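Written below as structure tokens is the structure these notes are about.
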Amino acid sequence: MANTILVGAQWGDEGKGKIIDFLTEKADIVVRSQGGNNAGHTVINGSKKYVLHLIPSGILRSGKTCVIGNGVVIDPISLMGEIEGLRAQKIKVGKNLLISDAAHLVLPYHRLLDEQREVKKGKNKIGTTKRGIGPAYGDKAARVGLRMCDLMQPELFSSLLEARVRENNAVLKALGAKTVNFKEINAAYLAVAEKLRPFVTNTVVFLHKALQEKKEILFEGAQGTFLDIDHGTYPYVTSSNTTAGGASTGSGVAPHRIDRVLGVMKAYTTRVGEGPFPTENEVIGDMLHGMGREFGATTGRARRCGWFDSVATRYATMINGIDDIAITNLDGLDQLDVIRICTHYKSGRKLIDVPPTDSRQLVNCEPVYIEMPGWKVSTEKAKKFGDLPLNARNYLKKIAELTGANLKIASVGPGRDQTIVL
Ligand code: GDP
Ligand code: IMO
Ligand code: MG
């Protein structure tokens with residue numbers, strides 16, 4: 001019985017959704033503890049494709065309970081849309097979904113502020129998903145946010161919202177942006193509140209009871225280590241703690257009740273949005289985009305692509321306490337003659353093996369590579385480690401060794417059955 005935190009060990013989109021879906025078969029509860037609908041987690045089941053944004057990827061398996069924890073920021077309209085979308089695809093969403101009453105709300109003025117701040121930043125923009133995530137977490141930290149428990153009390157919600165709209169409209173006006181209408185937001189949010197009411201509860205108490213009953217909990221990380229508000233490539237980050245610690249604060253489950261951290265990483269690296277990316281490589285990007293891969297699950301943007309960066313994943317192991325790793329998208333490298341792995345950065349004349357804290361310095365770091373021979377055959381049908389070509393096995397072993405954690409899962413395609421457990 002192991003309660004496991006699954007985190008992205010790179011810049012997001014590592015294939016967390018696929019691995020969560022695979023692991024959920026053996027878990028009882030799947031919890032999202034941070035982020036919002038900036039996340040896009042893809043799960044392929046047979047011929048069906050699902051993209052989850054706010055709802056844990058565990059929802060696709062029957063008999064499991066999914067929890068949206070207190071650390072998540074929820075756009076209730078978008079959440080209801082996601083619930084309805086899943087129901088239209090014949091996925092049951094009812095008693096199997098619980099929403100924390102302490103989770104903060106994303107409101108329309110957050111989205112407008114997100115957009116405006118990006119416009120004002122010009123070429124220094126972050127490249128956010130424009131879902132209002134930064135401003136919503138900003139309000140939470142400034143202690144002026146509205147929460148799910150407020151939304152469940154219509155009169156209270158309306159009066160709180162009116163004050164927030166007044167203040168935010170003044171800010172929006174000062175930015176030269178269009179303002180929002182209190183009455184419209186109030187009506188739309190109160191209507192959706194009634195649809196969400198059956199799901200809303202104190203999820204801390206639910207999780208505590210589940211722990212006492214020895215249920216197995218999976219924490220589904222969103223985004224990735226280097227998008228973490230504290231540990232990422234600030235300011236080119238998201239606004240939550242995407243690293244392992246966030247699972248505890250964002251769910252109310254104490255750290256020592258969690259047994260294991262699983263880091264998910266691609267066999268190469270991708271990043272969507274702006275910010276430093278030492279191993280970025282256009283040739284790899286063109287190859288992957290040419291295969292129809294690496295387009296964002298939330299915004300559809302083409303992801304930036306590059307070689308595997310073990311300086312980054314080693315640091316991710318340190319921050320998250322990664323025990324085991326899952327390496328996805330190995331099949332993306334099937335065609336290459338030679339594969340590079342970044343082992344160090346060169347910063348001026350110095351060779352460093354830890355990413356600098358200041359992302360301005362990271363921009364100036366040059367990756368130092370080792371090269372490994374490719375395998376030049378399809379890996380998509382491999383079912384066990386021994387089915388993989390020798391060069392692919394050596395590559396996986398090398399990146400696990402450089403990352404400093406146990407290789408537990410290798411993924412060779414988006415499907416459930418394209419997963420090798422070691
Ligand atoms: P997440 O945000 O970490 O859940 O990842 P995304 O869903 O945004 O992006 C990962 C993409 O890779 C999705 O399209 C997945 O279906 C796909 N994927 C995951 N693992 C593999 C794999 O091993 N091989 C291939 N070809 N695709 C994969
Ligand atoms: P999943 O869970 C990849 C990126 C955005 C931008 C930065 C800030 O699918 O891995 P935000 O809208 O959060 O303020 O944007 O973070 N970003 C992601 N990149 N995967 C994600 O989620 C992301 N969520 C946010 O592109 O660079
Ligand atoms: Mg994603």
Side-chain angles (χ1 to χ4, degrees), residues 6-22 32 34-45 48-54 56-57 72-73 75 106 110-111 113-115 117-118 125-138 220-229 232-240 242 263-277 288 291-304 326-334 378-380 382 396 409-420:
L6 179 144
V7 286
Q10 295 160 325
W11 277 271
D13 301 329
E14 294 91 347
K16 299 178 293 294
K18 172 192 159 156
I19 303 297
I20 285 281
D21 171 69
F22 179 79
R32 270 283 303 271
Q34 43 71 229
N37 61 343
N38 49 349
H41 297 177
T42 315
V43 179
I44 310 277
N45 181 8
K48 286 200 175 149
K49 175 177 167 174
Y50 306 89
V51 181
L52 287 311
H53 297 286
L54 270 165
S57 304
V72 175
V73 289
D75 179 332
V106 178
H110 292 135
R111 281 198 304 274
L113 286 170
D114 192 356
E115 218 176 292
R117 285 179 188 157
E118 285 283 273
K125 70 174 189 207
I126 295 165
T128 75
T129 59
K130 298 196 182 128
R131 299 295 190 271
I133 304 299
Y137 276 114
E220 176 174 353
Q223 291 79 53
T225 297
F226 296 96
L227 292 173
D228 184 284
I229 184 79
T233 50
Y234 192 90
Y236 300 98
V237 293
T238 190
S239 298
S240 65
T242 61
V264 183
M265 53 196 75
K266 278 181 178 147
Y268 47 93
T269 313
T270 64
R271 168 164 209 171
V272 60
E274 306 304 316
F277 180 0
L288 292 164
M291 292 156 86
R293 299 160 66 135
E294 302 308 344
F295 293 93
T298 296
T299 57
R301 291 178 288 178
R303 294 173 182 150
R304 298 156 66 193
I327 299 173
T328 68
N329 287 276
L330 181 70
D331 54 303
L333 303 177
D334 285 351
S378 169
T379 53
E380 286 170 355
L396 287 172
I409 294 175
S411 170
V412 291
R416 277 179 184 169
D417 59 350
Q418 293 175 297
T419 316
I420 298 169

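Residue numbers count from 1 along this sequence. Just follow the structure's listing: the first ligand is 1, and inside any ligand the first atom is 1. Worth saying up front: this structure is predicted, and the values here are computed from it rather than measured.
Closest to the Mg ion (ligand 3) among the N, O or S atoms of Asp13 is OD1.
Contact analysis leaves Gly8 out of contact with ligand 2, as no non-hydrogen atom separation drops below 4.0 angstrom. Under a 4.0 Å heavy-atom criterion, Gly12 is not in contact with ligand 1. The shell of residues lying under 4.0 angstrom from ligand 2, judged by heavy atoms, excludes Ser239. Not a single heavy atom of Glu294 sits less than 4.0 Å from an atom of ligand 1. Within the 4.0 Å heavy-atom shell around ligand 2 one finds His41. Judged by the shortest distance from any of its heavy atoms, Val237 lies inside the 4.0 Å radius around the atoms of ligand 2. Ligand 2 is never approached by Arg303 to a heavy-atom distance shorter than 4.0 Å.
The proximity of Arg131 to ligand 2, defined as any non-hydrogen pair under 4.0 Å, does not occur for either the backbone or the side chain. Contact annotation: for Val51 versus ligand 1, there are no heavy atoms closer than 4.0 Å. The part of Arg293 lying near ligand 1 is the side chain, judged by heavy-atom distances below 4.0 Å. The proximity of Asn38 to ligand 2, defined as any non-hydrogen pair under 4.0 Å, involves the side chain as well as the backbone. With a heavy-atom cut-off of 4.0 Å, Arg271 does not touch ligand 2 at all. At a heavy-atom distance under 4.0 Å, only backbone atoms of Trp11 (N, CA, C or O) approach ligand 2.
Here is the list of ligand 2 atoms found below 4.0 Å of a heavy atom in Gly127: 5 (C), 6 (C), 26 (O), 27 (O). Heavy-atom proximity to Val412, at under 4.0 Å, picks out these atoms of ligand 1: 23 (O), 24 (N). Every atom of ligand 1 is numbered from 1 in the order shown, and the set under 4.0 Å from a heavy atom of Gly413 is 21 (C), 22 (C), 23 (O), 24 (N), 25 (C), 26 (N).
Distances between N or O atoms of Ile44 and those of ligand 1 include no value under 3.5 Å. Here's the thing with Asp13: one of its N/O atoms is less than 3.5 angstrom from an N/O atom of ligand 2. Polar contact with ligand 1: absent for Ala297 (N/O pair, distance under 3.5 Å). Not one N or O of Lys18 is nearer than 3.5 Å to an N or O of ligand 1, by distance alone. In terms of polar-atom proximity, Lys266 is not counted as a contact of ligand 1, lacking any N or O under 3.5 Å from an N or O of the ligand.
The shortest distance between side-chain heavy atoms of Thr242 and Gln34 falls below 4.5 Å.
Among Asn329, Asp331, Leu330, the residue whose heavy atom lies nearest to atom 19 (C) of ligand 1 is Asn329.
In this structure, atom 15 (O) of ligand 2 lies nearest to the protein heavy atom Thr128 CA, 3.4 Å. Remark: minimum distance from atom 7 (O) of ligand 1 to any protein heavy atom is reached at Thr42 OG1, 2.6 Å.
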